[in-house]
Amino acid sequence: MRNPFQEFQTVSFKKKNLPLSRIVRAKQDVMAHILEGYLNLVEAEAKDFVWLVEQSRVLKTYSEAVKYVQSLNYDQDDIEEFCGELDGSTKVPYVIEGPAGIYVSALVNQLSDDRVVLRLKDYQKKFHLLGYRLPVGKTLILQGDIGDFTGTGLAGGCLVVEGSAGNWCGAGMMQGEIRVAGTAGWKTGEWMKAGEIHVEGWIRGVGQNILGGRIYEQGKLVSPQHRGSQ
Amino acid sequence: MGEPIIGCNMKPKKDGALREAVLEIYNFIGENLYLNRPDIEINGDKFNSTLLMSLLTGLCQGKELIIGEPGLGKTTSAEYICSLLYCFPLGTIWAGEVSGHPEQTEEKIIGRPDLGKLNQGEEVVVWSHFTMLPVKIVDEINRLPETKQSIILDGVDRGNWEYLNDAVMNREYCLFATANYQDRATHTMIAPLIDRFDLMVESKYPGPNLAYTIGAQSAKDDILRHGELEDEFKSVLNEKTPVGQRLERIAELRARFGEALMHTSGIRSLSDSERRTIRSRLEAVRFDLDANAFLRMVLAELSFCCRFGQKRSQDNCEKGCHFTEYLCYAVQTCISNRLPMSVRIFSQALAWLLGDKEVDLRHLKAILPYTLAHRIQWKEETIARQEREARSDPLEIHMAKKAVKNMHRRYMEQGTQVKNALAVACRIVEGEALEPIQGDHPIYWEISKDLGKELIQP
């Protein structure tokens, strides 16, 4: 066959990669690494058959998660995309909700951004343990209703829930602030040591063992309660 | 010669006697015979499109369709060009013209039997002047009914005129046809005939001031008339000798008319050998890589269909097609192979005339609208969107100009990548193990098809 492109033989070509495809490829690489870290974490945790929210277990899982996450180069969008993968993708073969939330928290806490916004309202799944150990100087805004143990062990950060929180919100928090636009569930602030929880809606139940800090319900202080106000 | 008229600002460049002669003819007609405004600018020089394209048609043996309102110089502009480029007096050109009307017959257009000889049992054809002369003008071609338009189809295409068992082959010829806008007396031009025209231009109203000047000109045609020679032309053409012999004698008469023209008006016409030289020179003008790649892009947009393999008049585009923004979505039919032939030769002619060594994007941009205007069959919704837009051209040329502008914009965005894709394709055909470059334009798909690789439909 005659070469219909003969006149272009002398053109020294340079294969140009479109920026979009380069960006997509980079994003895919990042997500693959994030998923790999999560699956390693879950594999280690699944050995125990049942995953319970115990302080030592949570701490251990968090430490493992931080180890994976530290070496990754990612941004807020990647975290949000990872939440999407947890919500319904086939890339995540099994989701254990405790480690999943801790892993997301580790991703948030290790990110260099001071302010992180996660849009979760479109997901079917309720994410638990978000905002775990959120450090000083960091603000995490969660858009949508979220699951249990939100802001557990909060370490000085500011956690804003633009929706409702489940049970054990702010459990064991050490310092910082949690603001919930909707309602909060049972055991809110259980074992909290310091900091403040503001719930604009109602609180189903405040924790029985609160060591310090303040809890406000619809602007009114509900913990600690003043003597004689009961 | 009078004072320079608006629009004839082109001065011959001192780089070729033949080019100078052609530009002098352009200027002579523009200043004395066909007064009109310039309406296109190429490389800083302003031209009247009708005159320029007619000149190029005459130079490269083309076929031009001139449209316009009655009395605005469609036929006369062609007559002047033919007279000066081919060295015929106007009277001879008029004698060879064919008028389009419903009663026109093959015998009047092409030739008739010699009745005297026929009575003696001999079949001899008396060829028409139109058939024998190298300059052919069909006036008001769209007044010929569709059935009669096919009489001239073959002759228009190949210069091959047949009657009974005889034929005349024109070795050199150009054709100009004029057409009025559609009215009750006109017919639709059949698609095969219209596709055979290289160009379509409009002879525009020159404006009231030039029109006043035209009205004040007396007997301007006399410049190109020569009664004595016209009689001699007529008697030679009517001789009953072989056509070849007659044309040899006609050549002598043309030379005499050229001398007379030089003597009386100081304008030099072109000889047969000079026209041949010009044609060989302009055919040697190469396309630069941008012009080459741009023309491929244009052809791709006008022929591509991702769903049905190519444009076909009976296929309709899918709503929401990925290629909605390209011309393939706006046109009904696939562009013919005559388009690149017309574009090539006319761009080469323009580049030669302007003294440029290669055909580049500027030449293509100037030529493309006139080669596309009559060939593109737009979808009705495309026409409906554009017919009320402000414009200075007839709708067909306006839409073609706009389409070329849009395609040129796309080429400026993607030109480097398109050239890369063509270069990679060249190496793949030569056996290198490379992947074709992909992109968001029909040209990339067509390249992949040529390489035997189909792309996934978006």
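Predicted model only: the values in this text are computed from it and were never measured. By convention in this document, chain letters (A, B, ...) are assigned in the order of the sequence lines, proteins followed by strands, and residues within each chain are numbered from 1. Computed over heavy atoms, backbone and side chain alike; hydrogens, waters and symmetry mates excluded.
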Within 6.0 Å of NZ in K63(B), more than 12 heavy atoms from elsewhere: yes
Distance in Å, R427(B) CZ paired with Q9(A) CD, rounded so as to fall on 0.5 Å steps: 7.0 Å
Crowding at NE2, H198(A) (>12 non-hydrogen neighbours, <6.0 Å): yes
Min side-chain heavy-atom separation N292(B)-F8(A) under 4.5 Å: yes
Note, L289(B) side chain near V11(A) side chain (heavy atom, < 4.5 Å): yes
Exceeds 12 heavy-atom contacts within 6.0 angstrom, atom CD of E325(B): no
More than 12 heavy atoms of other groups within 6.0 Å of D122(A) CG: yes
Chain A contact via R286(B) - which portion, at a heavy-atom distance below 4.5 Å: neither
side-chain contact (heavy atoms from CB on, under 4.5 Å) assessment of F5(A) paired with V424(B): CA-CA 9 Å; F5(A) 312 105; V424(B) 168; over 6 Å; no
Portion of L434(B) that has a non-hydrogen atom of chain A nearer than 4.5 angstrom: side chain
Structural part of A421(B) lying under 4.5 Å from a heavy atom of chain A: neither
